[in-house]
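Since this is a predicted model, take the numbers as computed values, not measurements. Reckoned from all heavy atoms, side chains included, excluding hydrogens, waters and symmetry mates. Both ligands and their constituent atoms are indexed starting at 1 by order of listing.
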Amino acid sequence: MELELRGIRKEFPGVVANDDVSLRVRSGETVALLGENGAGKTTLMNILYGLYTATAGTVLIDGEEVVFHSPSDAIKAGIGMVHQHFMLVPVFTVAENAVLGDEPTERLGWLDKRRARKAVRDISERYGLNVDPDAITEDLPVGIQQRVEIIKVLMREADFVVFDEPTSVLTPTEVDGFFEIVNTLKAGGKGIVFISHKLGEALEIADRIVIMRRGRTVAEVLPSEVTEEQLAELMVGRPVDLVVDKGRAQPKETILAVNSLSVLDDRNRRVVDGVSFEIRSGEIVGIAGVQGNGQTELVESLTGLRPSITGTVFLNGEDITTKSPRAIHKLAVAHVPEDRQRSGLVLPFTVTENIVLDSYYEDPISKGIQMDWSAARERAERLVEEYDVRTPGTEVLVSTLSGGNQQKVIVAREFDRDVRLVIASQPTRGIDVGSIEYIHSRIVEERDQGAAVLIVSSELDEIRALSDRILVMYGGRISGEFPGTASPTEIGLAMLGSTSEAEAS
Ligand SMILES: Nc1ncnc2c1ncn2[C@@H]1O[C@H](COP(=O)(O)OP(=O)(O)OP(=O)(O)O)[C@@H](O)[C@H]1O
Ligand SMILES: [Mg+2]
């Protein structure tokens, strides 16, 4: 079978998101779709999935034009999509989620449930997915939840499956497992579209790579004929330095001192267990670790979002252990949160409003009790320019920006202040290589201006590229401390809980 998008155009107010884009996917092949933030990848896939109507252009399956008015039309035609933000109900079982939204023609009695469980088990076996139909979804690791989404797609008998940035939330082991699944799907005759900002992944998994820039397809290459550097240049339109350029750290006085900190998660498990460390002015400390080892709760506690049960946190000698998020923020702490849509942005607000979100009570944006909107807009316009946020303007809702551009808004807002401490979780998740280069250079600049910087990332490459010192978290504790120059193998061992390496260093 062959799926074809031909001459697709999509206009939004002030933007042409897709401009005469064509793309073909055949059964049994994986096409990687790459492109900078805002290039139009998600828009194109949303058109294919019946979520958006194209301004012009057609979709064809085996040469026959098809018209989708909704996702259910697309599903009927054999198109499946796994979105980046999963659409699962956390308290439902896997089987319940798998049939959800499938417009049950019968009552949802125990018989249907039994059928759903069997279908999940069959598909799980056939594709080696290893998913228990009776498991409660929220208890499953992210990688398995993603498999539930895949099962949903397969139960609807998709011939073509679109994955929009499927790997950004996965651990390296989960990525390997995911690639195996993709290859099994491909071998089973599915056609795959794979969107990612990780160029190495595209080179590894794709049969063909299609590159978009500013709403158009600008190149199509085979993985065997390009390097990561060449891909980066094709995407961004200029050479990109994939290595962070930074001088030696000059650590000075201690800014952040964490002592014997313990924190509970939402289910009262002690997921941070007696953690102690310090960060000095002028150094970047990276926390590496497989996600789910307490990093999230540690950062929430440091930024005032989650109480601790033992221990203390001092900032510049001041006890901030029980302070509120706003009080901590006012002490010149920048925070780039892990979940941008939940805690970083107010989606129904404009770009300008989001940029002044925390500073509306500060000069020069606040003039007494009045907001100075023209100052706010000026700041927003400057930051949009500086951080290359692709948006038709600063007065559009931030929810209409592409995923990566939303992330840039947060980073810009947080870094555009005089800060003593930067806490950044997954700072470049979903961001294209060109903008990663810029954000990394800004992080190094903050360090060189004397800030203490804490980076939490599940990307070992990012941790190693930025950090002057690396702490590894495992099972709620610091399982190792390494210089920034340590090898991935050494760090990797500590990430799996081996402490011998750490003691040796
Ligand atoms: N619902 C919408 N309303 C208005 N503009 C939109 C909407 N959806 C997307 N856009 C605009 O269309 C352009 C393309 O966005 P799209 O989400 O397709 O980019 P992308 O290539 O997926 O980027 P990213 O890598 O950051 O996810 C952007 O300029 C974005 O602001
Ligand atoms: Mg996108």
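The shortest heavy-atom distance from H197 to ligand 1 is under 4.0 Å. Not a single heavy atom of T391 sits less than 4.0 Å from an atom of ligand 1.
A heavy-atom distance below 4.5 Å is not found between the side chains of I47 and F68. With contacts defined as side-chain heavy-atom distances shorter than 4.5 Å, the pair E220/I211 does not qualify. Contact of the F92 side chain with the I136 side chain is not registered, since no non-hydrogen atoms from C-beta on lie closer than 4.5 Å. Using a 4.5 Å heavy-atom cutoff, the side chains of R377 and T394 are in contact.
Nearest-residue assignment for atom 14 (C) of ligand 1 (options P392, G38, G430; heavy-atom criterion): G38. By heavy-atom distance, the residue among S402, P13, G14 lying nearest atom 17 (O) of ligand 1 is S402.
For atom 1 (N) of ligand 1, the closest non-hydrogen atom on the protein side is Y52 OH, 3.3 Å. For atom 31 (O) of ligand 1, the closest heavy atom belonging to the protein is T400 O, 3.1 Å. Of all protein heavy atoms, the one lying nearest to atom 22 (O) of ligand 1 is T42 OG1, 2.8 Å. From the protein, the heavy atom lying nearest to atom 2 (C) of ligand 1 is F12 CE2, 3.5 Å. The nearest protein atom to atom 29 (O) of ligand 1, hydrogens excluded, is given as V15 CG1, 3.6 Å; this is a heavy-atom distance. Residue, atom and distance of the protein heavy atom nearest to atom 12 (O) of ligand 1 are A17 CB, 3.3 Å. Closest to atom 27 (O) of ligand 1 among all protein heavy atoms lies E165 OE2, 3.5 Å. Annotation: atom 16 (P) of ligand 1 to nearest protein heavy atom, T43 OG1, 3.5 Å.
At least one N or O atom of G404 sits closer than 3.5 Å to an N or O atom of ligand 1.
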Does the pair V396 and L401 meet the rule for a side chain to side chain contact (heavy atoms under 4.5 Å, CB included), with working shown? CA-CA 8 Å; V396 305; L401 266 55; 3.8 Å; yes

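Distances from the Mg ion (ligand 2) show that T42 has an N/O/S atom below 2.8 Å.
Residue-environment remark: CZ (R126) stays at or below the threshold of 12 foreign heavy atoms within 6.0 Å.
With hydrogens and angles left out, the side-chain atoms of T137 and Q145 include no donor and acceptor closer than 3.5 Å. Between the side chains of E65 and T58, no donor-acceptor pair is found at a separation under 3.5 Å. Checking H440 against E462 by side-chain atom types alone, a donor-acceptor pair falls below 3.5 Å.
Heavy-atom proximity to G403, at under 4.0 Å, picks out these atoms of ligand 1: 26 (O), 27 (O).
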